[in-house]
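Quantities reported herein were computed from a predicted structural model and do not represent experimental measurements.
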Amino acid sequence: MSKGNSTKITDELYAYVLAHNPPLDAVQQGLVTTTYDRLPDHAGMQSAEEQAPLLAFLVRLVNARHVVEVGTFTGFSALAMAQALPADGTLIACDISEEWTAYGKEAWAKAGVADRVDLRIAPALDTLRAMPAEPHIDFAYLDADKENYVAYWEELVPRMRAGGLIAADNVLLHGRVVDPGAGGAAAGIRAFNEHVVADARMDSVMLTVADGLTLARKR
């Protein structure tokens with residue numbers, strides 16, 4: 001069996017990867033900087049820099065017009081996805097913090113995409129359950145509290161259209177998923193990963209992007 005983990009991502013190699021990806025624009029970079037400056041204790045919740053162009057790429061790849069994000073934080077990933085949407089596209093952003101998402105609202109306005117983002121401040125399960133039950137979502141990004149990933153998944157999957165795509169972040173949880181004794185978020189992610197791989201409604205693949213990213217396509 002060949003081993004695929006022989007390439008170690010050093011700081012130098014990571015910089016090389018970023019240099020060969022689409023660069024962040026001024027608004028995206030400004031939001032990253034603001035998040036780290038004003039919320040240093042929470043900035044690690046922000047999606048990794050290379051995920052912004054990846055999410056934009058995926059939104060365009062599936063020709064998405066209806067996008068749902070579960071967990072918005074300061075709006076970096078929502079910004080990238082909204083910019084990739086057509087002018088009549090909509091991104092429903094689910095979060096519970098007015099304070100954190102205020103930074104996103106400012107950035108979305110600066111980027112000229114505020115009209116594409118429908119921010120809903122409420123428990124995400126309530127927001128998802130209030131959506132139409134029929135399949136209508138083209139793309140969904142899951143990056144919220146890990147203990148509820150399975151519950152979010154179960155609300156999203158029936159609402160995904162055939163060929164629609166879900167991207168779930170942090171599926172490696174800094175390596176803690178391989179510790180069978182880990183509780184809390186790690187246990188939530190372990191349960192989620194097992195749930196996804198057994199779900200016959202979806203085709204899925206787990207990638208070692210950032211902190212682990214699972215992509216799942218509705219059959």
Please lay out, stage by stage, how R38 and Y103 fare under the test side-chain contact (heavy atoms from CB on, under 4.5 Å). CA-CA 10 Å; R38 301 191 183 177; Y103 296 108; 3.5 Å; yes

Does the pair R129 and E154 meet the rule for a salt bridge (charged side-chain N to carboxylate O under 4.0 Å, His left out), with working shown? CA-CA 10 Å; R129 288 167 179 162; E154 283 302 315; over 6 Å; no

Between R60 and F139, does the side-chain contact (heavy atoms from CB on, under 4.5 Å) criterion hold? Intermediate values first, please. CA-CA 10 Å; R60 295 187 181 104; F139 185 81; over 6 Å; no

Do I166 and V157 pass the side-chain contact (heavy atoms from CB on, under 4.5 Å) test, and can you show the C-alpha distance, the side-chain angles, and the key distance before you say yes or no? CA-CA 8 Å; I166 298 176; V157 169; 4.0 Å; yes

Could you go through the side-chain contact (heavy atoms from CB on, under 4.5 Å) check for S204 and L215 one step at a time? CA-CA 6 Å; S204 65; L215 300 181; over 6 Å; no

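Annotation for A80 and A52: closest pair CB-O, 3.5 Å, computed over non-hydrogen atoms. Nearest heavy atoms, L79 versus A111: CD1-CB, 3.6 Å. Closest non-hydrogen pair, T101 versus S97, comes out as OG1-O, 2.6 Å. The two atoms that bring R201 and P158 nearest to each other are NH1-CG, 4.1 Å, heavy atoms only. Among all heavy-atom pairs drawn from V117 and A82, the shortest one is CG2-CB, 3.8 Å.
Side chains of L24 and V32 form a contact here, defined as non-hydrogen atoms less than 4.5 Å apart. Under the 4.5 Å side-chain criterion, counting only non-hydrogen atoms from C-beta, L142 is not in contact with D169.
With rounding to the nearest 0.5 Å, the separation of CG in L85 from OG1 in T90 is 7.5 Å. L31 CG to F76 CZ: the interatomic distance, rounded to the nearest 0.5 Å, is 7.5 Å. Note that NE2 of H66 is 6.0 Å distant from CG of D138, once rounded to the nearest 0.5 Å. To the nearest 0.5 angstrom, S47 atom OG is 4.5 Å from D143 atom CG. Remark: T35 OG1 to Q46 CD distance equals 4.0 Å, nearest 0.5 Å. Distance check, rounded to the nearest 0.5 Å: CG of L213 to CG of N170 gives 9.0 Å.
Taken together through direct or relayed side-chain contacts under 4.5 Å among Ile, Leu, Val, Met, Phe, Trp and Tyr, V67 and I92 form parts of separate hydrophobic clusters. In terms of hydrophobic clustering, with Ile, Leu, Val, Met, Phe, Trp and Tyr side chains grouped at heavy-atom distances under 4.5 Å, V205 and V59 are assigned to a common cluster. In terms of hydrophobic clustering, with Ile, Leu, Val, Met, Phe, Trp and Tyr side chains grouped at heavy-atom distances under 4.5 Å, F57 and L18 are assigned to different clusters. Both M202 and I137 are part of a single hydrophobic cluster, where members link through side-chain heavy atoms under 4.5 Å apart. V113 is connected to L55 through a chain of hydrophobic side-chain contacts under 4.5 Å among Ile, Leu, Val, Met, Phe, Trp and Tyr, so both are in one cluster.
Of the residues listed (L128, V68, N148), the one engaging E155 in a side chain to side chain contact (heavy atoms under 4.5 Å, CB included) is L128, and it is the only one.
Evaluation of the salt bridge (charged side-chain N to carboxylate O under 4.0 Å, His left out) test over residues 65-94, restricted to residues two or more places apart or in two chains, returns R65-D88. Screening residues 209-219 for salt bridge (charged side-chain N to carboxylate O under 4.0 Å, His left out), with sequence neighbours left out, gives D203-R219. The salt bridge (charged side-chain N to carboxylate O under 4.0 Å, His left out) contacts involving residues 189-198 comprise nothing, where partners must be two or more places apart or lie in separate chains.
For D11, there are no side-chain hydrogen bond (donor to acceptor under 3.5 Å, both in side chains) partners two or more places apart in sequence or in a different chain. Under the side-chain contact (heavy atoms from CB on, under 4.5 Å) criterion, A124 pairs with V70, C94, Y152, sequence neighbours left out. Applying the side-chain hydrogen bond (donor to acceptor under 3.5 Å, both in side chains) criterion to D95, with sequence neighbours excluded, gives no partner residue. Looking at residues two or more places apart in sequence or on another chain, you find a ring pair (Phe, Tyr, Trp, His ring centres under 6.0 Å) between F73 and W100. Residues meeting the side-chain hydrogen bond (donor to acceptor under 3.5 Å, both in side chains) test with H42, sequence neighbours left out: none. Under the rule for a side-chain hydrogen bond (donor to acceptor under 3.5 Å, both in side chains), E49 has no partner lying at least two apart in sequence or in another chain. Residues meeting the side-chain contact (heavy atoms from CB on, under 4.5 Å) test with M206, sequence neighbours left out: V171, L172, N193, T214. Applying the side-chain contact (heavy atoms from CB on, under 4.5 Å) rule to T10 yields the partners E12, L13; only residues at least two apart in sequence or on another chain are considered.
Put simply, the side chain of D25 gets close to the backbone of Q28: a donor and an acceptor are under 3.5 Å apart. Between the side chain of Y36 and the backbone N or O of G44 there is no donor-acceptor pair closer than 3.5 Å. Between the D145 side chain and the E147 main chain, no donor and acceptor come within less than 3.5 Å of each other. At distances below 3.5 Å, at least one donor-acceptor pair connects side-chain atoms of K146 with backbone N or O atoms of A144. Side-chain atoms of R159 do not come within 3.5 Å of backbone N or O of E134 as any donor-acceptor pair.
Other residues, nucleotides and ligands contribute over 12 non-hydrogen atoms within 6.0 Å of the OH atom of Y14. Few gaps surround CG on L39; more than 12 heavy atoms of other groups in view lie less than 6.0 Å from it.
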Can I get a per-line list of side-chain donor-acceptor pairs under 3.5 Å for residues 175-182, giving both atom names and the distance, sequence neighbours left out?
from	atom 1	to	atom 2	distance (Å)
D179	OD1	G181	N	2.9

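Side chains of D115 and W108: no donor on one and acceptor on the other come within 3.5 Å.
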